**Q** 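Would you mind keeping the following structure in view while I ask a few things?
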Amino acid sequence: MGSDGDGDAPLLDDKAKRMRDLLSSFYAPNPSMLSHSPTASSKHSTPDDINSSSFDPNHYMNILVNNSNLEGLLKRHVDMAAEIKNLDTDLQMLVYENYNKFISATDTIKRMKSNILGMEGNMEYLLEKIMSVQSRSDSVNTSLFEKREHIEKLHRTCNLLRKVQFIYDLPDRLGKCIKSEAYADAVRFYTGAMPIFKAYGDSSFHDCKRASDEAIAIIVKNLQEKLFSDSEPIQVRAEAALLLKQLDFPVDNLKTKLLERLEHSLRDIQLKPEEIKNASPSAREVAILEFVEAIRAFRVIFPDSETQLVKIAKGLITRDFVITEEYVTTRICAADLLGVLRVIWNESLLMDEVLQDSALSNHFLEGAKVAVKLYVESAFSQLLLDISDCLLKILKRDETEEYSLETALDASTKLALQGGRNLLLDVCKILDDDSGIIDKLREPIIDWVQEGLQDFFRQLEDQFQSFSGKNNSSATQIHGLTEAAAFAGLVLVLAQLSAFIEQTAIPKINEELAVSFSAGPYEYGPAFVPGEISRKFRSAGDKFLQQYINIRTQRISLLQKKRFATPKWVKHKEPREVHMFVDLFLQELKVIVNEVKQVLPQDMRKHRRSNASSASSKSNSFREEKLLHRSNTQRARSQLLETHLAKLFKQKVEIFTKVEHTQESVVMTIVKLSLKSLQEFVRLQTFNRSGFQQIQLDMQFLRTPLREIVEDEAAMDFLLDEVIVAATERCLDPIPLEPPILDKLIQAKLAKSLEENTSSS
Amino acid sequence: MQGASSGIGYGLKYQARCISDVKADTDHTTFLAGTLSLKEENEVHLIRLSSSGTELFCEGLFSHPNEIWDLVSCPFDQRIFSTVYSNGETYGAAIWQIPELYGELNSPQLEKITSLDGHAGKIKCILWWPSGRHDKLISIDEENLYLWSLDASKKTAQIQSQDSAGMPHKISGGAWDPHDVNSVAATFESSLQLWDVRAMGKTISIECSHVRSVDYHPKRKHVLVTAEHESGIHIWDLRKPKVPIQELPGHTHWTWIVKCNPEYDGVILSAGTDSTVNLWLVSLGNDDVSTESQTESPTHWVDPLINTYSDYEDSIYGLTWSSREPWIFASLSYDGRVVVESVKPFISKK
């Protein structure tokens, strides 16, 4: 029995456990959960476990019987009976409890059933009630509708009337506003009334509209006045503009009008470069200040007008530069130009301040560039013109007023050198200006000057060529004699001027250039190349000199031609006096000497040598004379042989040498060429004795005056002898005049010319 | 004096102005030169260049009654030539024939075929048509131009037509167009005047002053060269008579005579009273490029003056190219010196 007692405690536990399991299985929502419950799947799932589902009573009995003694079995039996009893009680308890619950639920359901039964009737009643309320309210509504309508109508009319009143009052009110200058209010009123006027303006409110329009017109007028009056503060004007805009007034028109006015006012402040010289702040400056103020105001009034303003400002500067460019082409000095530039610069600075984005200074720079370039160019062309004028004066001289070649040469050389240097100095002044205006222009200016110089000299040379070429070969035929002479003078001056430019002006100017314009790297235009120009002028100078000689010898040759063409030399009469032609020839030479002396320099070196040569020439001529005397008595055949022999012994005189730019050389060349021509003319004629004697006399007479003129007497004597020899050869009966007669005739001529000189002077 | 050594000299006895190439002599290079002496008996020299080309010898010496101002050899008969002569007061012109047996005679007389009488003033020159046989002659005096019809066998010459210059200025010389038998150019003091021989009427006139000498370009039609006293040498294209196509500086003193080379294009010879002979080479445009100019160096402008022959003592009035050997020219200075030079070294170089 002891073992029974051992199994008492777990038995109790098992009972409680089973109870709970049962309950939970009953209430468990899912029956399958039961099998999974931890109690059901207990570890004692052996067939001998009484609580497991696989309990096998037989097996359990067998085990029990086998394992227990009787006592134990009995105990077991008692325990089991007690247990079963407990279980029955529990079961009973459970059933009872459930039954209670079931009864109360049934009761509740029964009560609900009875309650619902009365509800429908109530509901129907309610509906009925509501329906009646609605019908009542409808009837009230309809009964009140008319009155309400009326009231609303009245209200509207009242509003309308108030508005009408307002509109009728509008003119007065506007008038009041005008009086008090409360334009803003006036505009507000008017714009408020605007829709009505728009709708009924033409019919019912005609008068009213007219009146208020009139008032508004006054307002607009006043506003415009305000806008346009410069005396009003800017704020007021801006407001006025705004109000005008609100009034749908064409403000753009106003703007353009105002801009026009601005432009117009600008037109009055034209740049007058001549006045800038006067140091006092000109009216223009004031005007510019005003203009700047105006621009400022304008920007406030019309904020969107900047581009136009910039345009105007640019226009102003452009116009300034146009005037400047015109001004530049008149003769001005660098200081004047600088003054003008400075004025414009200040102007553009002022305007730049007001108009930030205008880039006016760039615009200014562009303009200044053009102006300065033009200045340089025009300075050069002026110089060119001056020199040409100076030279052309030679051609235009009146017969009464002698414009001597000397002065012309002086003036033109001075112009060429001094003018060139002054120009450089002037440009230097511009370069040295430190006001910062032309900082950026410095290099271009240097280039322009270089380029300008090159062009200037080139053009000068061209000009010279054109002067000399103008009436080149036909000078003696087309023009009168005086003009032709003047032309020759011009050519001579040109020759000397070219030489001067080559030898003096160009080196000096080049020096000057190196000093003042060395800074710039000459990359752009063609720089001044003094070598090339020098070469050009040298060849031009030589050419002009040659041309001068040609013109002069042509004139002389014309004289000679006439002299030899007119008389019948074969039937010439006995010579009574020196022929007129000699006078003409000498006169021509005198003119040449005069011209040459004025223009060309003396040659010191040659002068010295001429003394020596004159000594030898004397002996030469002496010999020649002796020879002539001898030949008098002999016949021509041996005479020819003798002249040949004489030539052999005499050193060959270089007749044709290179011409130099000296008085002596030029005169000598002309004399030589003339005498040679004389010889050739003689060779073409046939003379009788008298004709030959005439030639002899003329040539003999020529000796003395020519000696005063020429430098190389030997050559001159030689050539004169040649003429006489030629005449001897071409003479049928070459018997020269006896020396005493020759002398007599020459003396007579000398006396006569002396007399003429004294009487004329 | 570069060309000094190459010249071959020959002395005439007296002063002389004119020398002519004997064109009709195709076997030898021969020249005819006439002297100008008022008082002595004048001579016509027939000068021949030895075949070696190193010597000039006298092939014939004929006395001529008066001083000779112009002498032209007949282009188709080597024995015939024309002269203009003067006795100091009056001028005459005649056609002469060299006697056939002149080698055997000591001082043979020239046979006068005919004299061209009828001129009143100073006769300037006689022109033969340079390009071949033509039975016409032109004689020019200061005021008139005569066209003669010559019959050598009958020894007669008749005036066919005549025209007067009708100008205040006098004619100084002339040339017969080798390309056109009907065209003659005459030089005046201030112009160059062309005549049409058929109608004896003036055609083109070119303004240029103091023309002394004129020569047609032998190869190019319309091109002619004038020499002027003071203003040098001008080359003209007759189709453009306003402006010369080229100008050459000429001589220091008067340019007296100018001659175009008969063979080489653009080779021009001029002589003047400054006792020099100048040799020029000009390019006359490209309508007929000669082989010489093609090999020329590419430099655009070359000095047209190739050489100056200055080995003379006096003014040079006579100048002629040899038509047989066109690189040879003969010059005659007033002192009677004939100098024959070859321009070969200068032409072959170019």
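Residue numbers begin at 1 in each chain, while the letters A, B, ... track the order of the sequences. Keep in mind that this is a model prediction, so the values were computed, not measured.
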**Q** How close do A/Leu732 and B/Leu38 get, counting heavy atoms only, and between which atoms?
**A**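 What the structure gives for the nearest pair is CD2-CD2, 3.6 Å.
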**Q** Using a 4.5 Å cut-off on heavy atoms from C-beta on, say whether the side chain of A/Gln679 contacts that of B/Thr273.
**A**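 Answer no - side chains too far apart.
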**Q** Okay, side chain of B/Lys39, backbone of A/Cys731: is any donor-acceptor separation there less than 3.5 Å?
**A**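 Indeed, once roles are kept as given, a pair shorter than 3.5 Å links the two residues.
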**Q** Atom NE2 in B/His253, atom CG in A/Leu675: separation rounded to 0.5 Å?
**A** 9.0 Å
**Q** Residues two or more places apart in sequence or in another chain: which of them pass side chain to side chain donor-acceptor pair (under 3.5 Å) with B/Ser315?
**A**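 Result, side chain to side chain donor-acceptor pair (under 3.5 Å) vs B/Ser315: A/Lys676, A/Glu680, A/Arg683.
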**Q** Considering only heavy atoms, which portion of A/Lys561 lies under 4.5 Å from any heavy atom of chain B: side chain, backbone, both, or neither?
**A**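 Just the side chain, heavy atoms under 4.5 Å.
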**Q** Starting at OG1 of A/Thr553, measure out to CH2 of B/Trp254 and round the result to the nearest 0.5 Å.
**A** 11.0 Å
**Q** Below 4.5 Å, heavy atoms only, C-beta onward: do A/Glu729 and B/Tyr334 meet side chain to side chain?
**A**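 Yes, close enough: below the 4.5 Å cut-off.
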**Q** Using non-hydrogen atoms and a 4.5 Å limit, figure out which bit of A/Thr669 sits close to chain B: side chain, backbone, both or neither.
**A**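 No part of it gets close to chain B.
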**Q** Would you say A/Glu574 has more than 12 foreign heavy atoms packed within less than 6.0 Å of its CD?
**A** no
**Q** For B/Arg17 versus A/Leu684, what's the shortest heavy-atom pair and its separation?
**A**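 Shortest heavy-atom separation between B/Arg17 and A/Leu684 comes out as NH2-CD2, 3.5 Å.
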**Q** Holding to ring-ring contact (aromatic ring centres under 6.0 Å, His included), I want the full list of residues that pass it with A/Phe544, two or more places apart in sequence or in another chain.
**A** none
**Q** Using 0.5 Å steps for rounding, measure from the CZ atom of A/Arg730 to the CG atom of B/Leu36.
**A** 5.0 Å
